[in-house]
Amino acid sequence: MFVLRDIVADEPVVINVVDTEDDLEGFRDFIRGNLDMLGLDTETTGLDIYSPEYRLRLVQFGTAHEAWVVPVELGGRFAEDVRLALKGVGGFALHNASFDLQVIDKHLGIPMEELWPKVTDTQILAHLVDPRGREDGGFGHGLEDVTRHYIDARVADEIKTLPAQLAREYKTTKDKIWAIVPFSEIRYRLYAGIDPILAFRLVHALSPKVPKTSVDLIEQEHEIAEVCAIMERTGFLLDVEYTKQLSESLHMEEELRTGIAQAYGCENVNSTEQVADVLEARGVKITGRTPSGKRKVDKHLLGQLKKEGDPFATAVVEAKKARKWRETWVDKFLNSRDANDRCHAHIRSLRARTARMSITGIPAQTLPSGDWLIRRCFLSDEGQVLASIDYKAQELRVLAALSGDRTMREAFEKELDLHLITARAAFGDHITENDPERKYGKTANFLKVYGGGAANLAEQLDIPFPTAKRVLDAFSRTYPGVEDFGTRLANQARRDGYITTPVGRRIPVDPERFYAALNYVVQSTSRDVTCRALLRLHDEGFSPYLRLPIHDEVLASIPKEHAEWGAKRIGEIMRETMRGVLIDTDPEVGGRSWGSFYVKKEDLVNITDPYLLKG
DNA sequence: CAGGTTAGCACC
DNA sequence: AAACGGTGCTAACCTG
C-alpha cells in the first residue's frame, strides 16, 4: 500500500494507492464508511472511448480529505471491488460525468442508466453558476478552471502543468501520455488521486452559488446530459465504402486544383499571403483588411472573382474546399469509427453562454447543408430509415411567445407568411412571395433575432444601406412588442449585469453589448424547447432511436415499417405550446442515408444511389 | 517544436 | 443612433 500526502486549500489530504490485492481491504473499509456520497473519477488511455485500443486504467474515489486509487487495469479482484463500490455507493460527484460513465459502461460493464440517477456533475453546476467560458470573461468549466477559481489555484497549476511535464520526460505528447505513463509514476498517482477529492469539494463549493432561480434546473440538466450520453453511446452508422470513395475523389479533386494554382505561381493555396500575392500580381486590388491589418482574402472576394471567371481564384476556392471537406469531415469519420463502423459524436448538452448544445467528433451542427455529399456518409441502422424532425421557425416562434407581440403571434396562429408581412410593411402590400423583397423580409427577421443592424443587412443582401434601414424600420413598426421586449431585456441587463430566462437560467450580458440580451433569451429558450423534447422522447422510450440533436432538429433512425408513424409521433412529442404560441414541428421520413434529406428535387431524376432516395 | 492564437469557413 | 447571437475545425502563423 502506497500513501501520498498533499495540501488542498490549506488542508491536508491523503491519497491511498492500491498496489496489491491485500490493499483492497482498506479500500473496502473506506467505501463502507462513505456509502452516501463520494467523488469519482477515472484515468484512461485517452479520449476516444470507442476506439478498439482504448483502455480504462484507474478508478478513483474520494472525500474532501481522502482518496483511493484503484488500478482496474490489473483486472480480477481490482475491477470487481470497484464494480461493487460503484453499485453500493448511493451518490457520486463527478466533473463531466458523461465521459466517465460511458467509460465505466463500456469497460466495466455497468450500464450508465444505473449510475446517472446517483450523479452530481460539477460541470453542470459550474455552468449554472456562470455560463461564460474563460475567453468570454468567465472562469471556464474545465476541472482546472473551476479548481483554480473555486478551490485552490496552486492545485490548478499542478493539474495544468503536469501532463506537459510528464510528456516531456516520457518523450511523448500530452494527448498520448496517459496511455504510456506507468502506474508506478508517483505524479500520476497524485494527479489521479486529487481529482475525486476536487469533485467532492466542488459540489459543496458550487451548490450554494447556483442562483435561486436556477435550482430546479440542476435535476433537469442532469437528465438532459443523460439522454445526450445515450445518443453518444449509440453512435451513428458510417457507410465506410462510400466514405472511403468520397475521400479518394476529394483527394483527386484537390490535387488537380492545386496543380492549376501552382501553375499560376501559388505553391500553397491555404496560405492567404501567397494567394494575395498572386492575386495582386494578376492586377486584383485587395482593399479589405483583417482585424490585424493583413490583406483580406475571403470567400467574398474569391467568390466574386470565381463568378467573373478567374481561373486562378476558381482553382484556389475548389482546392481549399476539397481539402477542407476531406480533412474536416470525411477522413475524420473514417478515423473515429469503432469496430462496428459507428461514429460517436460528443454532445455537450450545456455548452454556450446561452446553454446551447454543441456537438464535436461528428461536428453535426456545421456539416455542409448545400448538398448531400458529406451527409451521405451516415446511415440508419439495418432495416431502418432516418427521420428528421425539426421545429418550424423555432427561434421566431419563441420570440413571438416571449415578446407577446400581437402581429407576430397572430402570424403563427393563422399560419401566415411572417417574412412576407415584414417585406410588405417595408415595400407595400403589392409585394408577393415570389418577389425578391420577401427574402429581404426573411433575412431581416432572422437578423433581428441576432441583434444585427442595417449595415449588416445591407451587406448580407448586397443592397443599399437606406433600403436595409427601411426594412429594419418597418420591422420595428410592425412588431412593436418585440422592440419593447428587447428594450426591457437590455434595461434588465444594464441594471443587473445579467438576464434571467423564463426557466430561471441566469445569463451574464457584457456592458458594451446590452443589445445581445434579446438574442440570448431567444437562443437559450429555443435550446430549452429542444432539450425538453429530448426528455419527453426519452420518457416515451424513443431514446434508443435518437441519433443527434441539431439545434432545432432531432435526427432519428427508426424501423422502416413504422417510419411514417414514428416520425409523426416524435413530431407530436416534440411539439409544445409556449404562452399560447404553438412551437410546431415538421416530421420528415428520409431514406437510409442522412444525405437523402439534402437531394434537390431537380436532381432526383439523376440519382441512382438507393440510399439517397426517401422511404 | 509543442502549444496557443488567428483567420477563414461550415452551420443554426 | 446603432449594435451579428452562438458554435467547431483546420492550416498557417506566432511564441516561449
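The figures here come from the full heavy-atom set of this structure, side chains too, leaving out hydrogens, waters and symmetry mates. By convention in this document, chain letters (A, B, ...) are assigned in the order of the sequence lines, proteins followed by strands, and residues within each chain are numbered from 1.
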Practice task
Using the six-membered ring wherever Trp is involved, compare the ring planes of A/Tyr50 and A/His344 and label them parallel, tilted or perpendicular (cut-offs 30° and 60°).
Solution key: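 Aromatic pair A/Tyr50/A/His344 classed parallel.
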Margin query: Of the options C/dT7, C/dC9, C/dA11, whose atoms approach the side-chain atoms of A/Pro363 most closely?
Written below: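 Between C/dT7, C/dC9, C/dA11, the one nearest the side chain of A/Pro363 would be C/dC9.
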Can you tell me which nucleotide in C/dG5, C/dG6, C/dT10 comes closest to the side chain of A/His551?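 The answer is C/dG6.
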Q. Going by distance alone, is a donor N or O of one side chain under 3.5 Å from an acceptor N or O of the other, for A/Gln102 and A/Ser98?
A.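 Note: A/Gln102 and A/Ser98 side chains meet the donor-acceptor criterion.
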Report yes if at least one side-chain N or O of [X] is closer than 4.0 Å to OP1 or OP2 of [N]; otherwise report no.
X        : N     : value
A/Arg351 : C/dG8 : yes
A/Arg513 : C/dG6 : yes
A/Lys174 : B/dG4 : yes
A/Arg356 : C/dG5 : no
A/Ser358 : C/dG8 : yes
A/Arg348 : C/dT7 : no

Roughly how far, to the nearest 0.5 Å, is CZ of A/Arg282 from OH of A/Tyr264?
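It comes to 5.0 Å.
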- request: Give the minimum heavy-atom separation between A/Pro508 and A/Arg353, together with the two atoms involved.
  value: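 Shortest heavy-atom separation between A/Pro508 and A/Arg353 comes out as O-NH1, 2.8 Å.
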- Message: For a quick check of understanding: with a heavy-atom distance under 4.0 Å over all strands, which category does A/Phe446 fall into, base, sugar-phosphate or nothing?
- Response: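 Since no nucleic acid heavy atom lies under 4.0 Å of A/Phe446, the category is nothing.
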